[in-house]
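Below is one structure, written out as structure tokens, with a few remarks after it.
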There are 2 protein chains.
Amino acid sequence: MQLDKLTEERQTEAKRSYDDACGTAHALDLIGERWSLLVLRELMLGPRRFSELKGDLPGISSNVLAQRLVELEQRGLARKLRLPPPASVQVYEATEWGLEAEPIVQALGRWAARSPRHDPTLPISGVSILLSFRTMLDPERARGIDATIGFRFGESGYVARLRDGTITVARGVPDDCDAVVTAAPTDLAAVVYGGAPLDSIGVEGDRTLAKRFTTLFPLPPKVA
Amino acid sequence: MQLDKLTEERQTEAKRSYDDACGTAHALDLIGERWSLLVLRELMLGPRRFSELKGDLPGISSNVLAQRLVELEQRGLARKLRLPPPASVQVYEATEWGLEAEPIVQALGRWAARSPRHDPTLPISGVSILLSFRTMLDPERARGIDATIGFRFGESGYVARLRDGTITVARGVPDDCDAVVTAAPTDLAAVVYGGAPLDSIGVEGDRTLAKRFTTLFPLPPKVA
DNA sequence: CCGTATCCAATAAGATACTG
DNA sequence: CAGTATCTTATTGGATACGG
């Protein structure tokens, strides 16, 4: 028992490191463990609760998620905070530096899009698909569009704003948007990235805009 | 024995996956295992032998390196090839797609440069430091320089060419460069990123150029 | 409901010895 | 040199039980 405890402590202190001055290696020391970067990804569009994170990371177990959150906090990438009453729930929020990891998430996503084994029918989280819009937008195709598109994923709302060939994405109430999509994120992904028909998801408002929106995110050619 | 074999096969088929359509998650399925990306990094500037890789990845064990190389090969990111006689040695080479992972390596490195815990005195490989030049070059500071700088790291030679505020880096014979640095990569890193004096490394040719070269790679402000 | 803590079985990683 | 084989240790995932 005593010995177990000691071993445990030594592990947490002297954790497995690459001992390499290369920045890439150090980054992997910080966020290279299994699940770490995906947890951080889920925080990219605002604070989340433990159960939301668990729900959007299929296959993660409570103990691993809890451990990853502690590590992210210790390393300065996230913080735990309790929302003011009457909400009084606790949420996890990315720090500034944590948010700066988004280019990593994007580089990985853009690179993986060429993978012959990528299966777009797997489940995807709301945050993931919204972030993928940021990553994959083709500014040429988006040029001249000035509009807002809302997304309703169950409880969560997001708003994307197109303007000057750029896109901004944030959590928010989708009600006043030019078009509003109501769907499971996975079904939306099937439309945008899998060529499924627009009818397979719920669209209110400017349907033409929604249709055009789904064409703004071209995938690169596959490798094999 | 039979049972062991069966278990093994099942493992390689149904490997641990995130089962997430997010490209980031799929990328991590491909190169998210421990050491994978660092092995790929070492292939970024040309083919390498098994023992070179082992030597430049301090702490990796033969079996893990061998396994990672097999995986990289299976996934289409690297290939094993035997150099034509009389060399007849076998080397590992990144595929086109493997090379396209460099933005990932760069995003990680750039992000980690802000880490308060980054220790630049740790050992670093020749490939790593040359790649870091690609990542960290400040085009403003490099503007107007048209020159080649050679690097001799033991057996391996590299050439960096500055021009129009950009840098290109490749393996090559450093002999005809405007300046040639002979040093251990770690000592070079101490000069460029740690403020160590230029005298601590060997420099031939245009010393003023070499001095200026070392100032072209500013680090971002630390986080904490 | 929101997590935490603990236990167990399955995998992955590390150390080391050894072979063609 | 280029890996295998073997053994030990660490991490992960899944189940379950517990506390606020």
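These values consider heavy atoms only, across backbone and side chains, with no hydrogens, waters or symmetry-generated copies. Naming convention: chains lettered A, B, ... in sequence-line order (proteins, then strands); numbering from 1 in each chain.
- For Asp19(B) and dG14(D), the CG to C1' distance is 15 Å, given to the nearest whole Å.
- Put simply, CG on Leu57(A) and CG on Leu38(A) are 6.5 Å apart, with the number rounded to the nearest 0.5 Å.
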Verdict with supporting geometry, His26(B) and Asp20(B), side-chain contact (heavy atoms from CB on, under 4.5 Å)
CA-CA 7 Å; His26(B) 182 56; Asp20(B) 187 327; over 6 Å; no

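- Arg34(A) places its CZ atom 17 Å from the P atom of dA10(C), with the value rounded to the nearest Å.
- In this model, a side-chain donor or acceptor of Asn63(A) finds a partner on the base of dT6(C) within 3.5 Å.
- Taking five base pairs at each end of the helix from dC1(C)-dG20(D) to dG20(C)-dC1(D), the local helix axes there meet at an angle of 30°, rounded to 10°.
- Between Arg82(B) atom CZ and dA2(D) atom P the separation is 9 Å, expressed in whole Å.
- Taking atom CD of Glu33(A) as the reference point, atom P of dT12(D) lies 6 Å away to the nearest angstrom.
- Panel note: side chain Arg171(B), backbone Pro47(B); a donor-acceptor pair is recorded below 3.5 Å.
- The phosphate of dA2(D) has neither OP1 nor OP2 within less than 4.0 Å of any side-chain N or O from Lys80(B).
- Annotation: proximity of residues 38-62 of chain A to DNA chain C (heavy atom, distance under 4.0 Å) is found for Arg49(A), Phe50(A), Ser51(A), Ser62(A), numbered in ascending order.
- Distances shorter than 4.0 Å separate none of the side-chain N or O atoms of Gln67(B) from OP1 or OP2 on dA12(C).
- When the nucleotides dG3(C), dA10(D), dG3(D) are ranked by their closest atom to the side chain of Gln90(B), dG3(D) comes out on top.
- For dG13(D), the OP1/OP2 oxygens have no side-chain nitrogen or oxygen of Tyr18(B) closer than 4.0 Å.
- When the P atom of dA2(D) is taken as reference, atom CD of Glu73(B) falls 15 Å away, rounded to whole Å.
- Close to dA12(C), at under 4.0 Å from its OP1 or OP2, lies no side-chain N or O of Arg16(A).
- When all heavy atoms of Ala94(B) and Leu40(B) are compared, the closest pair comes out as CB-CD1, 4.3 Å.
- When side chains are defined from C-beta on, Pro185(B) counts as touching Phe153(B), because their heavy atoms get closer than 4.5 Å.
- Aromatic pair Tyr158(A)/Phe133(A): ring centres not closer than 6.0 Å.
- Between Trp97(B) and Trp111(A), the ring planes lie parallel to each other; the angle is under 30°, not in the 30° to 60° tilted range.
- Residue Arg68(B) has no polar side-chain atom (N or O) positioned under 4.0 Å from OP1 or OP2 of dA12(C).
- Interatomic distance, CZ of Arg48(A) versus OG of Ser156(A), reported as 6.0 Å (0.5 Å rounding).
- Rounding to the nearest 0.5 Å gives a distance of 8.5 Å between CG of Leu188(B) and CD1 of Ile124(B).
- Separating the CH2 atom of Trp35(B) from the P atom of dA15(C) is a distance of 9 Å, rounded to the nearest angstrom.
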